[in-house]
Structure formats: C-alpha cells, structure tokens
**Q** 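Submitted below is the structure of interest, expressed as structure tokens.
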Amino acid sequence: MSLGSWAERTTPDGAPTAVVPSMDASTMKLRAGSPSSPAVHAVDLAKRYRHTVALRGLSMTVRRGEVFGFLGPNGAGKTTTVKLLLGLARPTSGEALVLGSPAGDIETRRRIGYLPELFRFQHWLTAREVLGLHAKLLRLKRRERCADEALATVGLARRGDDKVASFSKGMQQRLGLAVALLGEPELVVLDEPTSALDPVGRHEVREIVRGLKQRGSTVFLNTHLLEEAEQICDRVTVIDQGRAVATGTLEELLGRRSVRLRVSGLPNGWWHCYARFGTWALEGEWLRLEGAATEVVPDLVAAVVAAGGRVEAVIPEHQTLEDRFLELLEAR
Amino acid sequence: MSPTVTIAALTFREAVRRKLVAAFLAITVALVGLSAWGFERLSHSRSLSSAEVAASLPQALILFMFMFSFVVALSASTISSPAISAEVESGVLQAVATRPVRRFQILLGKWLGLAVVLTAYAAAVCALEFVVADLVSGFTPPDPAGAFGYLLAEGLVLLTAGLLLSTRLSALATGVVAIALFGAAWLAGVVGTIGADLHVAALREVDSIARYVVPTDGLWHGTIYALEPRSILANAIGHGSPFYAGSPPSWAYLTWCAVWVAAALTAALIVFERREL
Ligand SMILES: Nc1ncnc2c1ncn2[C@@H]1O[C@H](COP(=O)(O)OP(=O)(O)O)[C@@H](O)[C@H]1O
Ligand SMILES: [Mg+2]
C-alpha cells in the first residue's frame, strides 16, 4: 500500500488534507482572508539549505479552531516549516497562506502568536517589560493589563518584576508562552512548547492549549512527543524527512483497530457467519475481529446474543500511537 | 509609537542596563583625570617658556582627544557589533521579528538607539575634557562644538560599519574588523603625512584613497582642525605630524561621509532584509 493511498484512506471525505490541490481558483478565494479561510494552507513547500534539504514538497491544511499537531522526529523539518509560515525564512519553492494571507504578511502577524523553539528574551529586561515590549509592537491597548493576564495564565504572576536573566529555562519557556498568548491571537504557533518543562508545567500547557481552543483560537503545535499529540491534538500531520507521511485525526491515524472478544455457548467456527463485521482470527480463547470500529460493538454483541452465544468479554483495541508512528517512519 | 522608535528605545535601554554606558563613562573619567594631571604638569612646567607652553597646550589636548577618539571608536564598534548577529544566534530576534514590524524598522531602530547612546557619550567626553582643560590650564579650543561634531561623525561612521558587518558576521568578528578598519584608516593617514613630507606621491595616494574608503581619519582631521588655535595654524606648528591639520574637511568630503553612512545603512538593510532568522 502506498503512503498516498494510506493518506486518502484516513480522510475518506476527501478533505483537502488528503490530496492538497495546487494553488488554483479555489485557493485564490482563500486568499481573501475571510474567516472561513483555513488557518494554514501550505502547498508543496520545499526548503533547501546549502547541504541539506529540510522540506521536500510539504502540503497541509490546518482548519480554523482546531488544535493541530505537527508530529515528527528530530530533524524532520517541523521548525523549518514554522519559520516559513511566519516569514522568518523563505521557501525554496511552494507557497503558504496563513490566516488567508501570504506567509510572513506584516499585518497578519498581529493575529499570530509564536513561541520559538529557541525561546530567548532580552535577559536584561523584567518579564513584565518583555511583555510590554511585545504589547507595544502589537499596538495593544491596555498593555499592562494584557501583560498581567498573560503572566497569570502561565503562572509567572509573582515573578513579573524579576529580570529574565534570573529565570530558569522552564520559566523562560513560560514567559515565551505568555508572549505567544499576548493580544488573543487567532493562531498560536508553539514550537515544542514543553521542551523545558516539568510534568506539572506540561500539564499546565495542555490546559492552556485547551483554553485557547475554547476561545476559538487555532493552535499549531510542533512536537516530537507522542503523548502530547495524543492528549491535546484534534488532528495530526506526521512529518518525516521533510514530507507529510500521514494526516488525520488520531482515530483515523490509528486506523488499524480491532475488537477482542470471548464468547461461549456457540459451536466452533460460528464466526464464519459474521464476516460482514470484519476479518476474524482465533487467538487461543479469544477471537480478534480486525478492522472493526468501536461502533460495530453493540451490533456485534446483539448478533452473538441473538444466536444464543454468551458474551464474556469485549475489548475494543487500537494500535498505540507509538506503534503507528514507528510504522509510518519505517515505511519510508 | 512607531515600531522604529520602540526598537530604538529598547536599544538605548539595553546599552544603559547592560552597563555599557557606565563602563565607558568610567574609562572616560579615568582618562580625563589623567589628562588633568598632564595639563597641570604642562602649564606649571619650569623648563618651558610661556610661549612654548601656549603652543604645546593645544597639541596636548589634540593628543588626549586622539585617545578619546579611539575610545569613541571602540565604544561605537562595541555597541554595534552584537546588534544583529548575536541576537539572531541567541534567538532573541526571532520573537521580535515575527511581530508586526518590518525588518528595516528593526535595523533603523537599532541604529537610532545606538546613535543616541554614542552622541550622549561623545558629548560627555568632549564636555568633560574641554572643561577640565580650561580649568586646569586655561586653554579653550577655538571650536569645541566642531570638535565634538567631527568626533561624533567619526563614531557614527564606525557605528554604521559595525551594524552592517553585524548583519552577517559574529559579534567578535565584527568588533575586530571594525577596529581594524579604524586603525588601518589612521595608519593610512600617517602614511599620507609622511608621503607629503617626503614628496612621495604613491604614499599620498594611499591616504587620499583610504580617506574615501573609510572616512574615519578624514573626520578625525576635522577634530584636530577644530582644536587648533590661530597661532598654531598661522605658523603651521606641527606641520608634517599626523596630529596637525592645515585645513578643515571640505563640504564635498563631508557630503561624501554622509553618503558613505547612508550607503552602509542601506546595504545593512538589504542584507538584513534577506537574512533568514
Ligand atoms: N539554518 C539551517 N541551515 C542548514 N540546515 C538547516 C538549517 N535549519 C535546519 N536545517 C536542517 O533542516 C532539517 C530540518 O530541521 P528542523 O526543521 O529544525 O527539524 P525539526 O524542527 O523537525 O527537528 C535538519 O536536517 C536540519 O539540520
Ligand atoms: Mg525543531
């Protein structure tokens, strides 16, 4: 099975993530910058550095209001992609629209918050002064209140008047998060936001991201942490060696699901009559129904009971994200 | 407030907060103290006639100001060399550059902020030194404002060169190159003076080309001229020494210096605009 067909399988509704169209008339419409335009729409992005090719034809769409996970191993091209989207670097070829405007557009930046992977701030300023600077550049009104709110959100309320130089790495990352949250941006781009945080900090970041989603913001989350993607992302694109290898919701990504079943009171081989539910396999006392979605469980149980069987246990199972991730990367 | 002014204010605040200004002021006070001692010894010298003292006071001031021109050059390249590269390398600039601010506004803001720092510093140096010279020896240069202006212009040339270099080179490399340029330009000026004395056209040629390529030494001669009283000029005392200027820089030359700074700043803008962060 080719990866392309896998991608199509994961998005049966033919969403643009499966096969991203080239910049045609429909894309031009997205440019208008209407609220209905996707948060991010990238087509065939390629980025070549002198000795390395960081991105080779990356296409993806991030919908408004979703928490989008950009998942890949180190060096996959996540940070490069983000830099292209924010206009810090220029693509070798390809194009990207962010909130309906070409990547890097100055006015659109007002609506984007960004936590860089290398989060560093003017260490001779206090945290509050750093936020004040960014609030000024964003031309926010009521700058002090915005700064206070952002500090409180990331748990730095009591350290606001301390110099950044006195902050631990984790606190600096929290400050970076506060900077990214300033001014209620429509799109928040977080490049490995928990790399310096302890478990409590990671949990708080998850809560912050959920809060952003509730507020209606779109979150673009770069991560190599599977559990992070699993816990907070609505949809995920897996990237490896500069290419998107899979896109979909976690449900879709973890496509190979099965139901394990223990039934008594029926003659051996009874399951041959139930091939419509999927492919059966005998595993000792257990039966495994491959390719079954959780939705079939009630019907399946009803059918078995109707036939006179006694259902002792039903366990819906799916592949772990880690298995799937490794499988995807190995397939390349 | 426009983003340019915001960045300029930030840059100024950085120089103050990081104690750069304090460090240079401390050096200045020490050097001014040293010069006070020198003026004191000179003006109360028993081995010199009063005419000789009158002639040597301006030359002593020129010598001290040469030292300060070196300190100003050093400070100009010190504050400008980390301006871009160091912030790109550390990642500080990435967070700022993704805000609704254009690259040229960042660079221009930094130039403005650093220029204000340098102006304040050069003004402090000149005011201190001239007041001390006057108090201790009674000598006042004929054109103190001019001397300050040329010194500042010299600093701004190096500041802009440093900013241009820092869009590409590391802070250390920028600092070294900027100071090397300053030293080479001064040396070319000395070579030119020797060439004029010995009537060697080739050596004079070196100077006349160098003062267009790196206009710091040409401007330094403006400072010298502004410090020379009429008595020195009329008798051409010190003619043939690198610390003598027979005439002020021409308007054409000053225009060239302004064009030079504008061109260097434009080049810096273009390089920075293209740089990937
Ligand atoms: N400025 C650069 N110059 C040269 N190569 C780079 C540069 N930035 C990134 N790369 C290369 O591009 C690839 C992707 O890097 P990156 O986007 O940082 O990966 P990720 O963020 O997924 O870990 C890597 O091989 C990296 O070495
Ligand atoms: Mg990265």
Side-chain angles (χ1 to χ4, degrees), chain A residues 47 49 54 79-80 82-92 98 103-126 129-140 143 163-165 172 175-180 182-183 185 187 189 191, chain B residues 1-23 78-79 82-110 112-114 117 167-168 171 269-277:
Chain A
K47 179 65 181 176
Y49 290 108
T79 299
T80 303
V82 161
K83 287 187 173 182
L84 296 183
L85 295 179
L86 291 160
L88 286 173
R90 278 174 303 278
T92 310
V98 180
D105 180 70
I106 292 282
E107 282 310 307
T108 310
R109 288 182 188 174
R110 198 178 306 285
R111 302 187 276 143
I112 303 174
Y114 170 46
L115 168 66
E117 180 177 41
L118 193 64
F119 49 91
R120 285 284 285 278
F121 300 91
Q122 292 78 0
H123 58 83
W124 37 273
L125 291 179
T126 66
E129 285 169 339
V130 169
L131 289 165
L133 167 70
H134 284 265
K136 239 183 224 171
L137 291 173
L138 285 169
R139 278 182 253 144
L140 295 184
R143 292 199 282 267
K163 291 266 167 66
V164 175
Q172 289 189 41
L175 175 61
L177 203 55
V179 168
L182 213 55
L187 171 65
V189 179
D191 197 346
Chain B
M1 213 193 306
S2 97
T4 310
V5 178
T6 305
I7 301 290
L10 178 74
T11 308
F12 182 80
R13 182 143 67 157
E14 174 173 13
V16 176
R17 284 267 174 98
R18 298 184 74 177
K19 314 227 160 65
L20 271 174
V21 173
T78 306
I79 58 180
I84 304 294
S85 274
E87 290 206 351
V88 173
E89 280 157 27
S90 71
V92 167
L93 208 52
Q94 289 173 12
V96 173
T98 43
R99 287 311 185 190
V101 45
R102 292 175 194 277
R103 295 267 179 101
F104 84 83
Q105 292 172 321
I106 294 178
L107 196 84
L108 221 53
K110 285 196 176 273
L112 276 176
L114 295 174
V117 172
T167 55
R168 271 277 153 230
L269 289 174
I270 291 170
V271 175
F272 185 47
E273 194 76 44
R274 295 166 151 220
R275 175 151 189 188
E276 305 204 325
L277 304 182

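So that the names make sense, note that chain A is the first sequence line, chain B the second, and so on, each numbered from 1.
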**Q** Please look at B/Arg18 and chain A and tell me whether the side chain, the backbone, both or neither of the residue comes under 4.5 angstrom of a heavy atom of that chain.
**A**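 Only the side chain of B/Arg18 comes within 4.5 Å of chain A.
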
**Q** Before you tell me yes or no, could you show the steps for A/Lys83 and B/Leu277 under side-chain contact (heavy atoms from CB on, under 4.5 Å), namely the whole-Å CA-CA distance, both residues' side-chain angles and the distance that decides it to 0.1 Å?
**A** CA-CA 8 Å; A/Lys83 287 187 173 182; B/Leu277 304 182; over 6 Å; no

**Q** Counting C-beta onward and ignoring hydrogens, is there a side-chain heavy-atom pair between B/Leu107 and B/Thr167 closer than 4.5 Å?
**A** yes

**Q** Quick one: salt bridge (charged side-chain N to carboxylate O under 4.0 Å, His left out) partners of A/Glu129, sequence neighbours excluded?
**A** B/Arg13, B/Arg17

**Q** Any chance CZ of A/Arg120 has more than 12 other-residue heavy atoms, nucleotides or ligands included, within less than 6.0 Å?
**A**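 It does not: A/Arg120 CZ has 12 such atoms or fewer within range.
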
**Q** Drop me the distance from A/Thr126's OG1 to A/Phe121's CZ, to the nearest 0.5 angstrom.
**A** 13.0 Å

**Q** Please enumerate all residues that pass side chain to side chain contact (heavy atoms under 4.5 Å, CB included) together with B/Ala83, with sequence neighbours excluded.
**A** B/Lys110, B/Leu114, B/Leu163, B/Ser166

**Q** Can you check whether anything in residues 84-91 of chain B gets within less than 4.5 Å of chain A, heavy-atom wise, and list it by number?
**A** B/Glu89, B/Ser90, B/Gly91

**Q** Measure distances from A/Leu125 to the heavy atoms of chain B and classify the residue's part below 4.5 Å as side chain, backbone, both or neither.
**A**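 Both parts, backbone and side chain.
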
**Q** What residue, out of A/His123, A/Arg110, A/Glu117, has the most heavy-atom pairs lying under 4.5 Å from chain B?
**A** A/Arg110

**Q** A/Lys47: what forms a salt bridge (charged side-chain N to carboxylate O under 4.0 Å, His left out) with it, not counting sequence neighbours?
**A**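 Residues passing salt bridge (charged side-chain N to carboxylate O under 4.0 Å, His left out) with A/Lys47: B/Glu276.
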
